[in-house]
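Right, one structure below, let's go through it.
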Amino acid sequence: MPKKGKKAKLPLSDEEQLLLFQQKLLAEEEMAKKKERLLSQFLKDKLAKEEHNSALNLNKINTQWRTVLREVKTRELHKDIEILSQTFERVVDCKDSVIKSLAKDLSEAEEQYAHALRSHLHSIDQLLALQRCRLNLLEESYNTELEALTKEFETERKTIIDQHEKEIHYLQDVFMAMEQSYIDSEYESKLEFQSMWDDLKNKNLEEKHFLRLKLENIVEDLWRRFQDALKNYTDATEDQKIAFETLQVKDEKSSKEIEAQMKKIQRLQGEKILKLAEICRKFETEEEKVLPFYSSVLTPKEQEEIEEIYPEELTEQLAKVIVNYTGMENFWKRYNKVKLEQLSLQHRHVQLLEINGKLREMLKQYLDGISVSDEVMSQLNPLFIVNHRSNLPQPLSTPTTQPGDKPPPTTYIIEAAHVISHIL
């Protein structure tokens, strides 16, 4: 039982409960943001300290590693220079002996070449003399055969010309006789054709007249039957026609009622959406309340190009539909704004994933350069040297330099850890 002199606590209304709930949410959100800021600041300080220590340790490691590499490389280069000097002297001696033997072989080859040249020139002179004699004999034989063929050709030509003239005269006589015969046969054929054409024309006229009379009788009979059938069909379907017209009027009336009901249902659905939008306005942020709609980013010129590509004429029916949905204009603007923000966030998410992948790849290269593992040992690494040998592929042969040749270019190797330290 409540004590006397004190009022009972009244129950909160829905709006007050909603306001109280919103205040609690805002307080919790502020606490979460404050914790997040403190955690972020702590992580940033810790990361800066770790990066500073890592840079110092890396510098020390690089300095010691370079010193060791210089000493080892110096010893190897001294040994290689001694070996190369001995090899060069030995190769020079071999080359001198080879040059002497080749000079001797060259003098002997020159003597043999001179002897072979003299014998070859003598043989060519003999062959030229023999060929000249053969050409003279062939020329004389050619001239003799040419004179004989010329005489034979003239005789045959004269004979062929005489025979050709005789055949031309004979063919002219035959042509004249055939032309006269053709003229006579053509005249007789024309007379016969004219008589046959007159007979067929008269016969066709008689048959045409007979068929016309016969078809007229058939058409009259068919027309009379058609009129009788039409009358019978009209008498039999009169009641059905009246019933059909009645049902058609009723169908039109029902269609109009259905259309009115559909419009009413659509209007009720638009009103329901607007009510829900009004309820949701209570949960909007300050930015959404100040700028509830987005502004178009298209220039006037781009807007004109879009209207030219997609022309849309405002008809009377379309105007009526637009009037019915005028209240939904702000709703669709808000919906489109949310949709654009969603697409923008998705695009930014993809970009961040790509940046994260690149950073992971750079971090992996950095760690591979400063650590030793099975994966690193299996790959090519110029810094990995065991028993004065690297795992890089070596050339098949080492070219020896000759006197007067240019020295090979000097190759400088930069450590991966040094490059990564400057990039990061």
Side-chain angles (χ1 to χ4, degrees), residues 127-128 130-249 251-252 255 304-318:
L127 289 172
L128 287 173
L130 181 63
Q131 186 67 16
R132 290 191 185 96
C133 294
R134 183 170 176 273
L135 286 175
N136 292 330
L137 293 174
L138 289 174
E139 187 176 2
E140 292 177 358
S141 176
Y142 170 75
N143 292 329
T144 304
E145 292 179 357
L146 180 62
E147 291 177 357
L149 288 173
T150 304
K151 292 179 182 179
E152 184 178 357
F153 173 73
E154 291 294 336
T155 304
E156 290 182 356
R157 182 173 178 275
K158 187 176 181 182
T159 304
I160 291 170
I161 290 172
D162 295 338
Q163 183 68 24
H164 177 66
E165 291 178 353
K166 291 179 182 180
E167 290 179 353
I168 286 175
H169 291 304
Y170 173 74
L171 290 174
Q172 288 177 352
D173 296 337
V174 171
F175 177 74
M176 293 293 292
M178 289 181 67
E179 187 175 2
Q180 185 63 35
S181 175
Y182 173 73
I183 291 170
D184 297 337
S185 62
E186 184 182 8
Y187 179 72
E188 293 176 357
S189 298
K190 284 182 178 180
L191 292 176
E192 185 178 359
F193 171 75
Q194 187 67 29
S195 62
M196 291 177 66
W197 186 77
D198 293 336
D199 294 338
L200 290 173
K201 183 178 179 181
N202 295 329
K203 186 176 180 181
N204 287 333
L205 288 173
E206 293 176 357
E207 291 180 354
K208 184 178 178 181
H209 183 67
F210 175 73
L211 290 173
R212 183 178 178 182
L213 294 175
K214 186 176 180 181
L215 288 173
E216 286 178 354
N217 294 328
I218 294 172
V219 168
E220 289 178 356
D221 187 26
L222 290 174
W223 178 254
R224 186 172 57 255
R225 291 181 183 178
F226 174 73
Q227 292 295 331
D228 295 338
L230 179 61
K231 185 178 179 182
N232 295 331
Y233 175 76
T234 304
D235 296 338
T237 59
E238 185 67 26
D239 298 335
Q240 297 178 359
K241 182 179 179 182
I242 295 170
F244 172 74
E245 292 176 352
T246 305
L247 291 174
Q248 189 175 11
V249 173
D251 181 64
E252 292 178 356
S255 299
E304 291 177 359
E305 292 178 356
I306 293 174
E307 291 178 355
E308 291 177 358
I309 296 172
Y310 303 102
E312 184 176 0
E313 297 179 357
L314 187 62
T315 60
E316 184 179 357
Q317 184 177 2
L318 183 59

Query raised in the report: Quick check: does any side chain N or O of Ser181 sit under 3.5 Å from a backbone N or O of Ala177, one acting as donor and the other as acceptor?
Result: no
Query raised in the report: Between Leu213 and Glu216, does a side chain to side chain contact (heavy atoms under 4.5 Å, CB included) hold up when you go through it step by step?
Result: CA-CA 5 Å; Leu213 294 175; Glu216 286 178 354; 4.3 Å; yes
Query raised in the report: Quick check: are there more than 12 heavy atoms from other residues, nucleotides or ligands sitting under 6.0 Å from CD of Glu186?
Result: yes
Report task. Look up atom OG in Ser185 and atom CD in Gln180, then write down how far apart they are to the nearest 0.5 Å. Result -> 10.0 Å
Query raised in the report: Hey, does the side chain of Ser141 reach the backbone of Leu138 with a donor-acceptor pair shorter than 3.5 angstrom?
Result: no
Report summary line: When rounded to the nearest 0.5 Å, the distance separating NZ of Lys201 from CG of Asn204 is 10.5 Å
Query raised in the report: Between CD of Glu238 and OH of Tyr233, what distance do you get to the nearest 0.5 Å?
Result: 11.0 Å
**Report entry** Salt bridge flag under 4.0 Å for residues Arg225 and Asp221
**Finding:** yes
Query raised in the report: If you measure from NZ on Lys151 to OG1 on Thr155, what distance do you get to the nearest 0.5 Å?
Result: 9.5 Å
Query raised in the report: Roughly how far apart are His164 NE2 and His169 NE2, rounded to 0.5 Å?
Result: 9.5 Å
Report task. Applying side chain to side chain contact (heavy atoms under 4.5 Å, CB included), run through Asn143 and Glu139 and close with a yes or a no. Result -> CA-CA 6 Å; Asn143 292 329; Glu139 187 176 2; 4.0 Å; yes
Query raised in the report: Is the shortest side-chain N to carboxylate O distance from Glu220 to Arg224 below 4.0 Å?
Result: no
Report task. Find the distance between CD1 (Ile242) and CG (Leu247) and round it off to the nearest 0.5 Å. Result -> 12.0 Å
Query - Verdict with supporting geometry, Lys190 and Gln194, side chain to side chain contact (heavy atoms under 4.5 Å, CB included) - result: CA-CA 6 Å; Lys190 284 182 178 180; Gln194 187 67 29; over 6 Å; no
Report summary line: From the list Ile168, Val174, Asp173, side-chain contact (heavy atoms from CB on, under 4.5 Å) partner of Tyr170 resolves to Val174
